[in-house]
There are 2 protein chains.
Amino acid sequence: MGTTQLEAVQEPKYWHLKTVLIDALDSEFEVGEILPNERDLAARFGVARATLRQALEQLELEGRLQRRRGVGTTVAPPRMGVAVGPSANVWPGAGRDAWHTIGCVEAVAPAPIAAVLGTAADEAVHTIHRERVMQGQPVATELLYVPAASVPGLSPMLTPASHAPAVLRELHTLELDGEDRAVELGSARAEDAKHLDRLPGAPVLVVTSRYFAGGRVAAASVATYRADTCRLTFGDSGTVEVTHHQAEGRRAS
Amino acid sequence: MGTTQLEAVQEPKYWHLKTVLIDALDSEFEVGEILPNERDLAARFGVARATLRQALEQLELEGRLQRRRGVGTTVAPPRMGVAVGPSANVWPGAGRDAWHTIGCVEAVAPAPIAAVLGTAADEAVHTIHRERVMQGQPVATELLYVPAASVPGLSPMLTPASHAPAVLRELHTLELDGEDRAVELGSARAEDAKHLDRLPGAPVLVVTSRYFAGGRVAAASVATYRADTCRLTFGDSGTVEVTHHQAEGRRAS
DNA sequence: GAGTGGTCTAGACCACCTC
DNA sequence: AGGTGGTCTAGACCACTCG
């Protein structure tokens, strides 16, 4: 008896805060503009800083904010459409493909990669480290694995500088039968985070690709994209030109 | 003078905790097994509960743990490979396509959807709500938008039960020229969260699809996949059979 | 050195599930 | 009723950037 509880659900403070902030972002702020600092914002909304941060965290996850230690919190631009997996199947590194090589080593593949490649765990693979930059900022790092068995014609003596181009050139002589991709959510390892200019643990989209030739997996890659700034596009058409972000009011009924 | 600072970087406690927990998960726990509760775990590691939770949060994001309020934290099975965008272009709802319809209404499209469809903001669209279940648990919800102009032959009088099938049947009479997809990270809206058996704000992979026919966007959909349990697969081959999770030791040099 | 976001603590209460 | 994870507080200190 007693307390009439017409307010069935009380949504969490940080959730409500998020909607308030989104409204403010859409109406009162420009892209790139810097927000008041967290302590001030928390005081203004009458909540603890940790609560405010929970809201900011989600907004950053959704690509609406960008936070930088020592600098501040800024309004993020709409996510970039990043083409992944063009309709025309092509080998990595062929043509102009938006990646540039950072380094290359020959080593044994880690167990999960060996499983993808279908090679023995102790087999040698060339590992090419590449990076992808769009609009002046790094959006992805990639490790491309090419089993030594896939490029038998490779000349044995290679300088570090000529290693990656030689492997790619050799790879391109094969006929590509098809490719395969998988996308999943992950968190940036320390090394990836540094390349992507984020903190370790930042949310990333991990794209695993397999390249088939001669009935085998001739190469495989694991690419790590910044989840906050990227929208991965697939398929026939070019970059999709939607306004931005996840549809908000896609309610209909 | 001065504190010799050989330990250049001190990694955060929660980060170190994460690696310790991963090791424990791999060696001492079975899939589905329930972990000690957060208060006990925090005490065992000598950290505050909030710090422990920061580690658990990332592990859940990476699909290694599953937490349920009132129940506990369990070890998650490897992510499911969920096929998205088969090589053969087909209309949604054609053949057996793993989705089942929940409801259907005719209404005006929200602004971002109208932009994708290239229709006027006040144009009527049929909105079909569908759900995808795999291995007994819901993995995605979808809103499929079909402009009324795309299905001119639709009979005007429809019962709610026959509405969705009629729209799909009419849609399938068109010739599909191609399709388009984009994947980005989002957080679950309250309604989606309920369907996906998650809390609001849970991380999701948002897949936006466009279906082309007659030189126009004849239909579009926004599908929301659970990011913790799903690995989205694209391309020619079927489900990729990797061991699981993001490659851990893909370090080579 | 001043200001920012990032980490961490030690509590408290709430919503939910199960017994 | 008792136990679980989810939310929230009010502090503290640290790492980083910049003028």
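Letters A, B, ... mirror the listed sequences (proteins, then strands); counts begin at 1.
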May I ask you to list the residues of residues 66-73 of chain A, by number, that have any heavy atom positioned under 4.0 Å from an atom of DNA chain C? R67(A), R68(A), R69(A), G70(A), V71(A), G72(A), T73(A)
What range of DNA chain D does chain A touch, first nucleotide to last, counting atoms under 4.0 Å from its heavy atoms? dT7(D) to dT17(D)
4.5 Å side-chain heavy-atom contact, I113(B) and T127(B): no
Pick the closest DNA chain D nucleotide for D40(B) and for A50(B) by heavy atoms, then say which residue is nearer the 5' end. D40(B)
Any pair counted as salt bridge (charged side-chain N to carboxylate O under 4.0 Å, His left out), so long as it reaches residues 39-52 of chain A, sequence neighbours left out: E38(A)-R49(A)
With side chains defined as the heavy atoms from C-beta onward, is the minimum distance between L21(B) and R64(B) less than 4.5 Å? no
Looking across every strand, which nucleic acid part, if any, lies under 4.0 Å from L199(A) by heavy atom: base, sugar-phosphate, or nothing? sugar-phosphate
In whole angstroms, how far is the P atom of dG5(C) from the CG atom of L65(A)? 11 Å
If you compare every side-chain N and O of N37(A) against the phosphate oxygens of dT4(C) (OP1, OP2), does one of them come in below 4.0 Å? yes
Going by the angle between their ring planes, with limits at 30° and 60°, are W99(A) and Y225(A) parallel, tilted or perpendicular? perpendicular
Which residue is it: R181(B), R210(B), E142(B), R130(B)? I am looking for the one with a side-chain hydrogen bond (donor to acceptor under 3.5 Å, both in side chains) to S221(B). E142(B)
First of R198(B) and L52(A) reached from the 5' end of DNA chain D, by closest nucleotide: R198(B)
So, for L185(A) and R79(B), which heavy atoms are closest and what is the spacing to 0.1 Å? O-NH1, 2.9 Å
Among R53(A), R226(A), R198(A), which one satisfies salt bridge (charged side-chain N to carboxylate O under 4.0 Å, His left out) with E60(A)? R198(A)
Is R68(A) salt-bridged to D197(A), going by a charged N under 4.0 Å from an acidic O? yes
